[in-house]
> 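Structure below; questions to follow.
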Amino acid sequence: MQEKVVTRFAPSPTGYLHVGGARTALFNWLWARRTGGTFILRIEDTDQKRNTPTAARQVMDDLRWLGIQWDEGPEAGGDNGPYLQSQRRDIYDKYIKELLDRRQAYYCFETAEELDVLRKQAEAQKQGFVYRRPAEFPGTEDAEKARAEGRPVTVRFAAPHEPVVVQDLVRGAITFAAGEIGDFIIQKSDGFPTYNFACVVDDRLMNVTHIIRGQEHLNNTPGQQALWQALFPDAPLPKYAHMSVTVSDTGGKLSKRERPKTLRTAIKASQEIDLDRVAEAGDITRGELDSFIKGKTTPDMPIVDAMAQYLGVALPEINIVDFFKSGYLPEAMVNFLALLGWNPGDNREIMVLDELIEAFDLGRLTKANSLFDRQKLLAFNTEHARLVPGESLLRHFKSYLEEVESPVAVADDQLLSRIVKLCEGARTLADIERKCRFLFLDNDDIEYDRKAVRKVLFKNDGLGVLAIVRDKLAAMNGLTEQAIENMLRSLAEEKQVGLGKVAQPLRVAVCGTTISLPIFDSVEMLGKENVLARIENTLREFGSHINGEQA
RNA sequence: GCCCCCUUCGUCUAGUGGCCUAGGAUAUCAGGUUCUCAUCCUGGAGACAGGGGUUCGACUCCCCUAGGGGGUACCA
């Protein structure tokens, strides 16, 4: 009988979930769903220095936003827990001891600096560095003694001296020559296991059948495979699938460092900014900011975000939550991510979750790295915004409004639903928000876009037209969308101009910009009183400038 | 330096030796629809990294070169 498929996503909780991690999670999840198997979330928090307390929580939120549910893991439970590696220390210790007893592992006491010297020597001789195994393995007493002397004590795996062949589902058989796998460390001097050890133990104990991960792990695989065989000689090896890597369209590897980098460049590029205010916006000291600008340190993401927002600098989206904040739909993200390094084999591209699950196949992963193309993501988002059911779009829009703290968030469902319908064809939720925001501002808070004012109000007698429109609106008693359209169209006809010539001045008067919902609906929703007040404000604000501008 | 992986339009990709006059999507360009922003419609241009083999025949198989990526940690 075919064994049940078990896959896992094993992030280290060092920050937000980024697109690369999300894609790995997605592929593992899709394969589990496709085969009716189990998808596990395991948190690899074995590095005391790098873990941040909120990261695991954030990663889980982001996975949920994408619609990726784990069957076993934190908050979901399961028979093979705990799912935090920091809580599995006794398990790892037991296997380390086993290996030590069987002389398949041994203690060593070099400091990091000493190892560094050895590495440099190897490179100078144009050799790859391999740790030289001692003829005699130190005993437990030696370890105790070294510890007492203050030397670091680590444990290394005595890797077999033979070629290792990794069977990869994407790349076929990959041979590593004998001696290529060094005796890597499996237990650090702080007593925690290393990644290469913990993941092997856990994959076995959690019955993982398929390891789907980025190709940056390909070189770890022979070591892990050898370790598996030493630890669990009777268990069949898991199947490996090493996916291509996703690289950035802004050049180089797609990395979370891109955001701080973009911010730093922006700060350096602009001369006249008040650095003290910038530091204040990020709630850091001036010294910390200077250190960041010099490239010495990198503040946490929320600080970077806050400073970027203060400066009005758009940072490239890297983390899943960035895309949420930019108004992308999870349906589009998942669809787009799935197509980075995989395709269904026919010409389909726009697919919903069920279609992805039905079509997904590990045999169709592509080998070459792919570039993360935001333009294409945008096209996917536009497509999905049209495709998702109305209620879903409304739900997405509401959580987006909350996330970005938009003034639009106060609107009720009925109003929002009408707005969303009027925005068919919008590319992102941010576009929808931008088009309807003016409805939720006070009449006196409208900010006028300078270009719009110049182009629409100061040219073609825009202000004059606006005054006529005001009078016509004032004379109407029912301000329905239809009545407004009729009025504007007949005015345009009367004046022998296009509808735009009469509609645009009105739009700028009520919105401050040339971008909004359809103008007829806008006026109806705002109501006569507000519209007239805004027109008056506009005429008052710009009426006196008219001669100066035309001169 | 050493090890591993990869290479089709700008980008994501289809292609498993003859179906390829290399298909789709996106981006781009031209035109059209439209009250703004978008959307939408029609059409165009655009790729097998280079060199050797193997074969009647190579985008497809092999070798070399070049280029790209990854690893080389008491990170994962």
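Chain letters run A, B, ... following the sequence lines, proteins first and then strands; every chain starts at 1.
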> List the steps and the verdict of salt bridge (Lys or Arg N to Asp or Glu O under 4.0 Å) for A:D373 and A:K376.
CA-CA 6 Å; A:D373 181 358; A:K376 186 151 182 173; over 6 Å; no
> Sort out the partner of B:U42 for me: Watson-Crick or G-U wobble, both distances under 3.5 Å, none otherwise.
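By the stated definition (distances under 3.5 Å), B:A30 pairs with B:U42.
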> Classify A:H242 by what it touches in the nucleic acid, base, sugar-phosphate, or nothing, heavy-atom distance under 4.0 Å.
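If one applies the 4.0 Å heavy-atom cut-off, A:H242 turns out to touch nothing in the nucleic acid.
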> Taking only side-chain N and O atoms of A:R119, does any of them lie within less than 4.0 angstrom of OP1 or OP2 on B:C74?
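Yes.
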> Rounding to an integer number of Å, can you tell me how far A:R348 CZ sits from B:G24 P?
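Atom-to-atom, A:R348 to B:G24, this comes out as 18 Å.
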> Report the nucleotide, chosen from B:U36, B:C74, B:A38, that has the shortest atom-to-atom distance to any side-chain atom of A:R427.
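Comparing B:U36, B:C74, B:A38 against the side chain of A:R427, the answer is B:A38.
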> Is any side-chain N or O of A:S516 closer than 4.0 Å to OP1 or OP2 of B:U36?
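No, no such contact exists.
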> Considering every strand shown, what is the Watson-Crick or G-U wobble mate of B:U60 when both distances are under 3.5 Å?
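Here B:U60 is not engaged in any pair, so there is no nucleotide opposite it.
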> For B:A25, does the base pair up with any side-chain atom of A:K376 as donor and acceptor (N or O, under 3.5 Å, distance only)?
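Counting by modelled atom types and ignoring angles, a donor-acceptor contact under 3.5 Å is found here.
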> Whether A:N219 contacts B:C3 is assessed here as follows: a side-chain N or O lying under 4.0 Å from the phosphate OP1 or OP2. Is that the case?
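So the side-chain polar atoms of A:N219 never come under 4.0 Å of the phosphate oxygens OP1 or OP2 of B:C3.
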> With heavy atoms under 4.0 Å as the rule, sort A:T46 into base, sugar-phosphate or nothing.
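Since only primed, P, OP1 and OP2 atoms lie under 4.0 Å of A:T46, the category is sugar-phosphate.
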> For a quick check under 3.5 Å, do A:H242 and A:R171 share a side-chain donor-acceptor pair by atom type?
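Distance-only check fails for A:H242 and A:R171.
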> If I take atom NZ in residue A:K495 and atom P in nucleotide B:C35, what distance separates them, rounded to the nearest angstrom?
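Taking NZ of A:K495 and P of B:C35, I get 18 Å after rounding.
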> Between A:R156 and A:E110, does any side-chain N to carboxylate O distance fall below 4.0 Å?
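Salt bridge: no.
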> Ignoring backbone atoms, test whether A:K501 places a side-chain nitrogen or oxygen under 4.0 Å from the OP1 or OP2 oxygen of B:U36.
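So the side-chain polar atoms of A:K501 never come under 4.0 Å of the phosphate oxygens OP1 or OP2 of B:U36.
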> So, A:F192 versus A:Y92, ring centres under 6.0 angstrom or not?
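Not under 6.0 Å, so no.
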> Of the options B:A25, B:C3, B:C35, whose atoms approach the side-chain atoms of A:E180 most closely?
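The closest nucleotide is B:C3.
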> Report the C-alpha separation of A:L378 and A:T428 in whole Å, then their side-chain angles, then the decisive distance to 0.1 Å, and conclude whether the side-chain contact (heavy atoms from CB on, under 4.5 Å) test is met.
CA-CA 8 Å; A:L378 229 204; A:T428 66; 3.7 Å; yes
> Among B:A76, B:G23, B:C35, find the nucleotide with the atom closest to the side chain of A:I519.
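It is B:C35.
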> May I ask which nucleotide in the shown strands pairs with B:A73, Watson-Crick or G-U wobble, both distances under 3.5 Å?
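Matched B:A73 with nothing under the 3.5 Å cut-off.
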> Would you indicate what A:D373 reaches in the nucleic acid, counting non-hydrogen atoms under 4.0 angstrom: base, sugar-phosphate, or nothing?
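Since a base atom lies under 4.0 Å of A:D373, the category is base.
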> For the side chain of A:T154 and the base of B:C74, is some donor closer than 3.5 Å to an acceptor across the two?
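Answer no: no donor N or O sits under 3.5 Å from an acceptor.
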> Select one nucleotide: of B:C35, B:G24, B:G1, the one nearest the side-chain heavy atoms of A:E123.
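Taking heavy atoms from C-beta onward, the closest nucleotide is B:G1.
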> Which nucleotide wins on minimum distance to the side chain of A:S189, given the candidates B:C74, B:U13, B:U11?
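When the side chain of A:S189 is considered, B:C74 is the closest of B:C74, B:U13, B:U11.
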> Can you figure out which of B:G24, B:C75, B:G1 approaches the side chain of A:D47 most closely?
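Closest nucleotide among those given: B:C75.
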> Out of B:A25, B:U36, B:A27, which has the shortest distance to the side chain of A:F380?
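Among the listed nucleotides, the one closest to the side chain of A:F380 is B:A25.
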> Please name the pair of heavy atoms, one in A:I432 and one in A:A426, separated by the smallest distance, quoted to 0.1 Å.
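Reported closest heavy-atom pair: CG1-CB, 3.7 Å.
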> Is a donor-acceptor pair below 3.5 Å formed from side chain A:E349 to base B:G24, judging by atom type as modelled?
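Such a pair exists between side chain and base.
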> Are the ring centres of A:F27 and A:F360 closer than 6.0 Å?
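When the ring centroids of A:F27 and A:F360 are compared, they turn out to be within the sub-6.0 Å range.
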> With both distances kept under 3.5 Å, what pairs with B:A66, Watson-Crick or G-U wobble?
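Pairing partner: B:U7.
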> Quick one: label A:G182 by what it contacts on the DNA or RNA (base, sugar-phosphate, nothing), any heavy atom closer than 4.0 Å.
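No contact.
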> I'd like a table of atom pairs between the protein and nucleotides 5-7 of chain B - only N or O on both sides, under 3.5 Å - with the distance next to each one.
unit_1: B:C5; atom_1: O2'; unit_2: A:R171; atom_2: NH1; d: 2.3
unit_1: B:C5; atom_1: O2'; unit_2: A:Q215; atom_2: OE1; d: 3.4

> Reckon A:D346 touches a base, only the sugar-phosphate, or nothing at all at heavy-atom distances under 4.0 Å?
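No contact at all - A:D346 keeps every heavy atom at 4.0 Å or more from the nucleic acid.
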> Taking only side-chain nitrogens and oxygens of A:R386, does any of them come within less than 4.0 Å of OP1 or OP2 of B:C40?
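So the side chain of A:R386 is within the cut-off, an N or O lying under 4.0 Å from OP1 or OP2 of B:C40.
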> Please check the phosphate of B:A38 (OP1 and OP2 only) for any side-chain N or O of A:T382 closer than 4.0 Å.
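For B:A38, OP1/OP2 do not have a side-chain N/O of A:T382 under 4.0 Å.
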> Ring centroid separation for A:Y328 and A:F380, is it under 6.0 angstrom?
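Judged by ring-centre distance (under 6.0 Å), A:Y328 and A:F380 do not meet the cut-off.
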> Starting the side chain at C-beta, find the nucleotide from B:A76, B:C12, B:C74 nearest to A:L340.
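From the listed options, B:C12 comes nearest.
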> Name the closest nucleotide to the A:E44 side chain, picking from B:U26, B:C35, B:A76.
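Of the candidates, B:A76 comes closest.
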> Checking side-chain polar atoms at under 3.5 Å, does A:E524 have a donor or acceptor matched by the opposite partner on A:T480?
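Short answer, no.
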> Report the nucleotide, chosen from B:C35, B:A27, B:C74, that has the shortest atom-to-atom distance to any side-chain atom of A:F520.
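It is B:C35.
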> For a quick check of understanding: with a heavy-atom distance under 4.0 Å over all strands, which category does A:T514 fall into, base, sugar-phosphate or nothing?
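Touches a base.
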> Is there a side-chain contact between A:T513 and the phosphate of B:C37, meaning an N or O under 4.0 Å from OP1 or OP2?
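It does not, given that no N or O in the side chain of A:T513 lies less than 4.0 Å from OP1 or OP2 of B:C37.
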> Between A:S248 and A:E258, is there a side-chain donor-acceptor contact under 3.5 Å, judged purely by atom types and distance?
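The criterion, which ignores hydrogens and geometry beyond distance, is satisfied for A:S248 and A:E258.
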> Round to a whole Å and report the spacing from CG of A:N220 to P of B:C3.
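The distance from CG of A:N220 to P of B:C3 comes to 18 Å, rounded to the nearest Å.
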> Within less than 4.0 Å of OP1 or OP2 of B:G15, is there a side-chain N or O belonging to A:R364?
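Yes, because at least one side-chain N or O of A:R364 sits under 4.0 Å from OP1 or OP2 of B:G15.
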> Give one of base, sugar-phosphate or nothing for A:E110, where a contact means two heavy atoms less than 4.0 Å apart.
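It contacts base atoms.
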